[in-house]
Amino acid sequence: MAEHTDESGAAAESLLEKITEKFHGHDSSSSSDSDSDKPASPSSVKAKVFRLFGREKPVHTIFGGGKPADVFLWRNKKISAGVLGGATAAWVLFELLEYHLLTLVCHILILSLAILFLWANATTFINKSPPRIPEVHIPEDPFLQVVNALRIEINRGFAALREIASGRDLKKFLIIIAGLWVLSILGSCCNFLTLFYITFVLLHTVPVIYEKYEDRIDPFAEKATIEIKKKYAVFDAKVLSKIPKGPLKYKKMV
């Protein structure tokens with residue numbers, strides 16, 4: 001009888017140990033699951049990468065993501081080289097050779113009309129069909145869309161100039177004044193065609209170089225931005241903060 005009691009007690013203890021181990025195992029698994037569900041600590045999260053001008057989109061998307069972006073970023077090297085070569089030829093023709101635009105257009109029209117006129121009259125003697133001159137016309141919808149988009153951008157520029165002239169944002173005012181001053185210096189050194197060509201060449205070279213080496217350029221840009229912000233903070237504390245901003249506001253008379 002005592003042996004039966006001991007065997008039943010041992011069985012109960014072994015059953016209790018199994019239940020306890022199962023319970024603890026479930027707790028440990030649930031705690032590990034809960035730990036995995038918890039968000040990572042801020043130290044484990046990778047710091048946000050600095051991008052030039054605070055951009056969050058790729059360079060191709062910033063340029064519109066269409067055919068113009070493909071041309072500027074040399075997605076199709078033949079088209080990009082052709083566009084840049086055509087701009088270079090035009091600059092050499094008008095700037096270095098001093099060929100005038102009106103003269104060039106007139107000479108091209110004279111040559112084209114003379115060739116077509118002689119060809120159309122010569123077909124009657126050589127028994128060949130006359131040349132097929134295509135009908136050229138400007139479609140209305142795309143033309144109106146371009147004009148409308150240009151109108152919106154011009155109005156936006158006028159609104160920005162009005163906001164700057166109102167004296168509400170001193171920082172933006174100084175930036176615009178500095179930019180116009182730099183443009184005036186460039187305008188005194190070269191004419192509009194040369195300035196336009198330089199801008200065109202920069203658009204075809206700087207973005208593609210930056211896209212290729214952005215991981216090396218962005219750290220230097222970050223350091224330069226930090227230094228500029230420090231210098232501006234000192235200048236703001238010593239000079240800009242002492243200048244009254246915006247139109248004067250009179251207090252209401254009680």
A.B. asks: Once you round to the nearest 0.5 Å, how far does CG of Leu113 lie from CD1 of Ile133?
C.D. replies: 8.5 Å
A.B. asks: Tell me if the CZ atom of Phe196 is crowded by more than 12 foreign heavy atoms within 6.0 Å.
C.D. replies: no
A.B. asks: With rounding to the nearest 0.5 angstrom, report the CG to CG distance, Leu101 to Leu93.
C.D. replies: 9.5 Å
A.B. asks: Treating Ile, Leu, Val, Met, Phe, Trp and Tyr as nodes and any side-chain heavy-atom pair under 4.5 angstrom as an edge, say whether Leu183 and Ile198 lie in one connected cluster.
C.D. replies: no
A.B. asks: Working note: Asn155 + Arg151, criterion side-chain contact (heavy atoms from CB on, under 4.5 Å); need CA distance, chi angles, decisive distance, verdict.
C.D. replies: CA-CA 6 Å; Asn155 290 335; Arg151 179 185 64 84; 3.5 Å; yes
A.B. asks: To the nearest 0.5 Å, what is the distance between CG (Leu180) and CD1 (Ile185)?
C.D. replies: 11.5 Å
A.B. asks: When clusters are formed by joining ILVMFWY residues with side-chain heavy atoms under 4.5 Å apart, either directly or through shared neighbours, do Tyr232 and Ile177 land in the same one?
C.D. replies: yes
A.B. asks: Where is the tightest heavy-atom contact between His204 and Ser80, given as atom of each residue plus distance?
C.D. replies: CD2-O, 4.4 Å
A.B. asks: Compare all side-chain heavy atoms of Leu84 with those of Trp74 and state whether any distance is below 4.5 angstrom.
C.D. replies: yes
A.B. asks: Locate the shortest heavy-atom distance separating Val59 from Leu73; write the atom from each residue and the value.
C.D. replies: CG1-CD2, 4.0 Å
A.B. asks: Is the backbone N or O of Glu163 less than 3.5 Å from a side-chain atom of Ser166, with the two atoms forming a donor-acceptor pair by type?
C.D. replies: yes
A.B. asks: Could you see if Trp181 belongs to whatever hydrophobic cluster contains Leu186? Use Ile, Leu, Val, Met, Phe, Trp, Tyr and a side-chain cutoff under 4.5 Å.
C.D. replies: yes
A.B. asks: Give me the atom names and distance for the closest heavy-atom approach of Asn191 to Thr194.
C.D. replies: OD1-OG1, 2.8 Å
A.B. asks: Hydrophobic cluster membership, with links at side-chain heavy-atom distances under 4.5 Å among I/L/V/M/F/W/Y: are Tyr197 and Leu97 in one?
C.D. replies: yes
A.B. asks: Quick one: does Asp70's side chain get under 4.5 Å of His60's, heavy atoms only?
C.D. replies: yes
A.B. asks: Let me confirm one number: the CG-CG distance from Leu104 to Leu109, rounded to the nearest 0.5 Å.
C.D. replies: 9.5 Å
A.B. asks: Establish whether Leu111 and Ile108 are linked, either directly or via other cluster members, by ILVMFWY side-chain heavy-atom contacts under 4.5 Å.
C.D. replies: no
A.B. asks: Taking the six-membered ring of Phe72 (Phe, Tyr or Trp), confirm whether the NZ or CZ of Lys67 is under 6.0 Å from its centre and within 45° of its axis.
C.D. replies: no
A.B. asks: Return yes if a side-chain donor-acceptor contact under 3.5 Å exists between Tyr213 and Asp218, otherwise no.
C.D. replies: no
A.B. asks: Is it the case that more than 12 heavy atoms not belonging to Phe173 sit under 6.0 Å from its CZ atom?
C.D. replies: no
A.B. asks: Could you go through the side-chain contact (heavy atoms from CB on, under 4.5 Å) check for Asn76 and Val71 one step at a time?
C.D. replies: CA-CA 7 Å; Asn76 191 329; Val71 173; over 6 Å; no
A.B. asks: Hey, does Leu96 have a side-chain heavy atom less than 4.5 Å from the side chain of Trp91?
C.D. replies: yes
A.B. asks: Working note: Lys230 + Val234, criterion side-chain contact (heavy atoms from CB on, under 4.5 Å); need CA distance, chi angles, decisive distance, verdict.
C.D. replies: CA-CA 6 Å; Lys230 290 180 180 178; Val234 174; 5.8 Å; no
A.B. asks: Closer than 4.0 angstrom, basic N to acidic O: yes or no for Glu211 and Arg75?
C.D. replies: yes
A.B. asks: Can you give me the closest heavy-atom contact between His107 and Tyr99, atom names plus distance?
C.D. replies: ND1-OH, 2.7 Å
A.B. asks: How long is the span from the CG atom in Asp141 to the CG atom in Asn148, to the nearest 0.5 Å?
C.D. replies: 12.0 Å
A.B. asks: So, for Ile209 and Ile217, which heavy atoms are closest and what is the spacing to 0.1 Å?
C.D. replies: O-CD1, 4.3 Å
